[in-house]
Each structure stands twice: as structure tokens, then as C-alpha cells.
Amino acid sequence: MLTADIPPNQSIYIQNINEKINKEELKRSLYCLFSNFGRILDVIALKTPKLRGQAWVVFTEVTAASNAVRQMQNFPFYDKPMRIQYAKSKSDCVTKAEGTFVTREKKIKQEEKVERKRQAGESQQPNSYNGAATQNGRPVPSGQDTMPPNNILFIQNLPVETTSMMLQLLFKQYPGFKEIRMIEAKPGIAFVEYEDDVQSSIAMEALQGFKITPQNPMVVSFAKK
DNA sequence: AGCACA
């Protein structure tokens, strides 16, 4: 079955994922990596025997999914090339938003709970992430949306008095940290290097908008290759 | 390889 047979879908299906990665970390990493392509509604990963090594990322836009399928194809994710296709069906969070969600047969016993949920009347409950790159559903303005993932981060809008020691304190908290590079002649910017793109993405997500002074929310993007 | 929504 050719992957081209599957029609475009705002959800992508990823396989060949390193099965050693724990579920929550995996979801965070996928979120970080794919939020470059658009707003993400949900990330689904299960560790059941049938579903380990696979995941779904649900975008708000089909175009974001299309870009992700093309650009992240074979991306070395935890040492294994990602295989990405469109998902075969709509994700629950999408049908729920559309109002076309139907409970699967095996969950029929739980209809009562579904009723209760329906009465809560939520039009849409987007991603379930705490430290996500969105606020009230808006992407954090950071201007890196076009830059492909890179293990080196580019930091802007730093107060001029920032030292590399200060940045090290912040960035070394995240795994894979290697070094800070600042350029004397160019105050207000810095480069931060991580072991790989996944780790740099996580740090980016975590420190995006971090304020060293109230006037200076830092802008973190991937460095140009 | 394996298409679900713990």
C-alpha cells in the first residue's frame, strides 16, 4: 500500500519511532518538533503492543500536516528515521470539534459519561499541554516558523547586560546542553548548542519568551544552518 | 509492520 493512497488529513501518522522513549517525553518532543509547522491540537502516543513505535500529531490545518509529512520525512528522531503519512481517519479531537464524534463500539458502555461531557458544551478543548508554544491558541510570536530544526538555537532580544553565565544557568537545565556562544560585537543575541534537534526543541519550547528583565522576553529560534 | 484517541 503506497502512502500516496491516503488522502490528505490534518492528522499525521508517524511510525518507526524509537520504542525506548517514555510516552510523556515522546509526546513533548513530538509537540516541539512539529509545532514549527502550525498549531497542534493533540499528540497521541500509546505504548500498547500494537501501538508502540507510532504516534499521531493533529494539526488545525491540513496544509501544516502536508508540510510536516514532506519536510520531516525520515527526520532522525531519537536515532531512528521517522516514517510519516497522513492518518487514515479523523482524530477524535477533530470530530468532537465538528460535532460528528461517535463513540467506538467497545466504549458503548460508557455512553453516560459522554453525555455528561456533551453537556459541558465545550466547543473545542485544544492541546492538553501546559508549557506549550501557544497561549490562548495563538502561537507565541517568535519568528522561527520557517526555520528547519537545528541543534543550535538562536536567541534574540536579550538585555545587553546578559552574560553567558546567566544564559548557561537557564539553558543547562535541559538535557543535551553543550555550550553558549556570544559575540562581543553583537549584544542582545546568543547561540546555544545542544546535542541534537530534539533536545534543542525542548529547550526552545521551555524558554521561549523567558524574561531576564521585564522588558526582554527572549525570542528563541533555530539557528540558520 | 503495526491507524488511535487511557
Side-chain angles (χ1 to χ4, degrees), chain A residues 1-134 137 139 198 201-202 205:
Chain A
M1 174 76 70
L2 258 26
T3 86
D5 294 342
I6 303 164
N9 188 315
Q10 74 197 82
S11 303
I12 58 172
Y13 170 63
I14 306 162
Q15 55 194 154
N16 197 41
I17 297 173
N18 189 328
E19 296 175 11
K20 291 195 279 284
I21 310 308
N22 105 287
K23 195 170 71 180
E24 289 313 311
E25 176 183 344
L26 175 63
K27 288 167 94 176
R28 275 198 303 275
S29 299
L30 288 170
Y31 188 95
C32 294
L33 222 45
F34 283 99
S35 53
N36 296 302
F37 296 92
R39 188 164 148 236
I40 293 172
L41 290 177
D42 203 3
V43 177
I44 291 113
L46 298 285
K47 291 275 252 180
T48 60
K50 194 176 172 199
L51 291 171
R52 63 211 158 117
Q54 302 150 77
W56 289 260
V57 175
V58 187
F59 291 98
T60 54
E61 304 292 337
V62 180
T63 53
S66 301
N67 289 331
V69 170
R70 281 188 288 107
Q71 295 182 41
M72 296 302 278
Q73 199 61 256
N74 301 319
F75 178 88
F77 186 60
Y78 295 111
D79 304 319
K80 298 188 71 178
M82 290 187 180
R83 300 284 132 81
I84 313 176
Q85 304 166 43
Y86 293 114
K88 283 182 180 165
S89 57
K90 288 187 179 184
S91 301
D92 282 359
C93 67
V94 172
T95 55
K96 279 175 182 163
E98 290 176 350
T100 56
F101 176 73
V102 281
T103 319
R104 275 168 294 285
E105 301 69 33
K106 58 181 184 178
K107 299 219 165 173
I108 278 175
K109 289 287 162 66
Q110 296 171 14
E111 284 293 352
E112 305 80 16
K113 291 176 187 169
V114 173
E115 292 307 322
R116 163 154 54 77
K117 229 181 183 179
R118 194 164 292 152
Q119 281 174 354
E122 85 293 39
S123 59
Q124 189 176 30
Q125 204 65 268
N127 71 60
S128 50
Y129 290 85
N130 327 330
T134 54
V198 175
S201 295
I202 290 168
E205 195 71 24

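In what follows, chains are A, B, ... by sequence order, proteins preceding strands, each numbered from 1.
Using a distance-only test at 3.5 Å, with no hydrogens or angles considered, no donor-acceptor pair links the side chain of A:N67 to the main chain of A:A64.
Rounded to an integer number of Å, the gap from A:F101 CZ to B:dC5 C1' is 8 Å. Between the CG atom of A:D42 and the C1' atom of B:dC3 there is a distance of 15 Å, rounded to whole Å. We find that CD of A:Q10 is positioned 15 Å from C1' of B:dC3, with the value rounded to whole Å. Whole-Å rounding puts the A:L30 CG to B:dC5 P distance at 17 Å. The distance from atom NZ of A:K23 to atom P of B:dA6 is 9 Å, rounded to the nearest whole Å. To the nearest angstrom, P of B:dG2 lies 12 Å from CG of A:L51. When the P atom of B:dA4 is taken as reference, atom CG of A:L26 falls 17 Å away, rounded to whole Å. Rounding to whole angstrom units, CZ of residue A:R52 and C1' of B:dA6 are separated by 18 Å.
One cannot find a donor-acceptor pair under 3.5 Å joining the base of B:dA6 and the side-chain atoms of A:T48. No N or O donor and acceptor, one from the side chain of A:W56 and one from the base of B:dC5, sit under 3.5 Å apart.
Listed by chain and number, the residues in a salt bridge (Lys or Arg N to Asp or Glu O under 4.0 Å) with A:K90 are A:E98 (sequence neighbours excluded). Among residues two or more places apart in sequence or in another chain, the side chain to side chain contact (heavy atoms under 4.5 Å, CB included) test is passed with A:P8 by A:V62, A:Y86.
In this structure, A:K50 reaches the B:dA4 phosphate: one of its side-chain N or O atoms is under 4.0 Å from OP1 or OP2.
Sequence order on DNA chain B of the closest nucleotides to A:L46 and A:Q54 puts A:Q54 first from the 5' end.
Within the 4.5 Å cutoff, no side-chain heavy atoms of A:N18 are placed close to those of A:F77.
In A:E61, the CD atom is not crowded: 12 or fewer heavy atoms of neighbouring residues, nucleotides or ligands sit closer than 6.0 Å. Summarising the local packing, NZ of A:K20 is surrounded by 12 or fewer heavy atoms from other residues, nucleotides or ligands at distances under 6.0 Å.
The listed nucleotides are B:dA6, B:dC3, B:dC5; the one nearest the side chain of A:S91 is B:dC5.
Contacts between residues 13-22 of chain A and DNA chain B, defined by a heavy-atom separation under 4.0 Å, are made by A:Y13, A:Q15, A:N16, A:E19.
For A:N16 and A:K80, the side-chain atoms include at least one donor-acceptor pair closer than 3.5 Å.
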